[in-house]
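Scroll down for the structure; my scribbles are underneath it.
Remember, it's a predicted structure, so these values are computed and weren't measured experimentally.
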Amino acid sequence: MILDEHSRTYARIYECLISLGKTADAKPYKEIAYRKNPNHDKVTMQYVETLILEGRINEAIEILEKLLHRNTTYNPAKRLLEQIKTGHV
């Protein structure tokens, strides 16, 4: 699979805007980064966190489960999925 070479650029723009306190401006960049490369674990986790903040829990769970199907040892995803399922998010 050919990955879009710019997916990480969008993720970095997101991170910069977040650090400047521009959460609303940052949101589209995280989604673009995820859509361009849904196999990047860190980008996926950041996108899932955005979904959780928006109350899109079922979508977040689905994406976490896909991540864990692909990468069964990714502990941040395991922990977050467990927190969601036990109501600690």
Side-chain angles (χ1 to χ4, degrees):
M1 170 166 72
I2 297 175
L3 301 177
D4 188 299
E5 63 189 72
H6 301 290
S7 68
R8 193 65 196 134
T9 300
Y10 287 101
R12 288 191 180 152
I13 292 169
Y14 166 84
E15 291 165 358
C16 289
L17 289 170
I18 289 294
S19 71
L20 294 171
K22 298 183 176 192
T23 305
D25 294 335
K27 180 183 166 187
Y29 292 98
K30 179 47 56 200
E31 186 167 353
I32 292 168
Y34 173 73
R35 298 284 178 223
K36 287 185 172 287
N37 186 1
N39 292 323
H40 189 290
D41 295 342
K42 181 179 178 185
V43 169
T44 298
M45 289 298 293
Q46 290 172 332
Y47 182 59
V48 164
E49 290 167 3
T50 301
L51 294 175
I52 291 168
L53 291 174
E54 294 175 352
R56 296 163 61 186
I57 304 300
N58 290 336
E59 190 175 347
I61 290 170
E62 181 180 325
I63 291 170
L64 284 170
E65 288 174 343
K66 285 180 186 177
L67 189 161
L68 288 169
H69 180 73
R70 179 177 44 76
N71 182 354
T72 59
T73 62
Y74 194 62
N75 285 326
K78 286 181 179 181
R79 283 191 299 269
L80 184 54
L81 185 58
E82 182 63 26
Q83 289 175 341
I84 293 170
K85 289 186 173 184
T86 59
H88 292 102
V89 171

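Ile18 and Ile52 fall into different hydrophobic clusters, where Ile, Leu, Val, Met, Phe, Trp and Tyr side chains are chained together by heavy-atom contacts under 4.5 Å. Put simply, Leu81 and Val89 are part of the same group of oily side chains (I, L, V, M, F, W, Y) that touch within less than 4.5 Å, one to the next. Following chains of ILVMFWY side-chain contacts shorter than 4.5 Å, one can reach Leu68 starting from Leu80, so the two form part of one hydrophobic cluster.
In this structure, Arg70 places its CZ atom where more than 12 heavy-atom neighbours from other residues, nucleotides or ligands lie under 6.0 Å away.
In plain terms, the two heavy atoms of Ser7 and Ala33 that are nearest each other are O-CB, 3.4 Å. In this structure, Tyr47 and Glu59 approach most closely via the heavy-atom pair OH-OE2, 3.7 Å. Here the closest heavy-atom approach between residue Ser19 and residue Cys16 is recorded as OG-O, 2.7 Å.
At distances below 3.5 Å, at least one donor-acceptor pair connects side-chain atoms of Thr44 with backbone N or O atoms of Pro38.
Side-chain contact between Ile63 and Tyr34 is present, with at least one heavy-atom pair separated by less than 4.5 Å. In this structure the side chain of Tyr74 reaches within 4.5 angstrom of the side chain of Pro76, judged on heavy atoms.
Note that NZ of Lys36 is 5.0 Å distant from OH of Tyr10, once rounded to the nearest 0.5 Å.
Salt bridge present: Glu15 and Lys42 bring a charged side-chain N and a carboxylate O closer than 4.0 Å. Using a cut-off of 4.0 Å between Lys/Arg side-chain N and Asp/Glu carboxylate O, Glu49 and Lys30 are scored as not salt-bridged. A salt bridge is defined here as a Lys NZ or Arg NE, NH1 or NH2 lying under 4.0 Å from an Asp or Glu carboxylate O, and Glu65 with Lys85 meets this definition. No salt bridge links Glu82 with Lys78; every basic N to acidic carboxylate O contact stays at or beyond 4.0 Å. Between Glu62 and Lys66, at least one side-chain nitrogen of the basic residue sits less than 4.0 Å from a carboxylate oxygen of the acidic one, meeting the salt-bridge criterion.
Judged purely by distance below 3.5 Å, without hydrogens or angles, the side chains of Asn71 and Thr73 pair a donor atom with an acceptor atom.
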Quick one, Asp25 with Thr23, criterion side-chain hydrogen bond (donor to acceptor under 3.5 Å, both in side chains). Give me CA distance, side-chain angles, the key distance, then yes/no. CA-CA 5 Å; Asp25 294 335; Thr23 305; over 6 Å; no
When you look at Tyr29 and Thr9, which way does the side chain to side chain contact (heavy atoms under 4.5 Å, CB included) test go after all the steps? CA-CA 9 Å; Tyr29 292 98; Thr9 300; over 6 Å; no
Between Ile57 and Leu51, is the side chain to side chain contact (heavy atoms under 4.5 Å, CB included) condition met? List the steps. CA-CA 7 Å; Ile57 304 300; Leu51 294 175; over 6 Å; no
Between Asn37 and Val43, is the side chain to side chain contact (heavy atoms under 4.5 Å, CB included) condition met? List the steps. CA-CA 8 Å; Asn37 186 1; Val43 169; over 6 Å; no
Could you go step by step and tell me if Leu64 and Met45 meet the side chain to side chain contact (heavy atoms under 4.5 Å, CB included) rule? CA-CA 8 Å; Leu64 284 170; Met45 289 298 293; 3.7 Å; yes
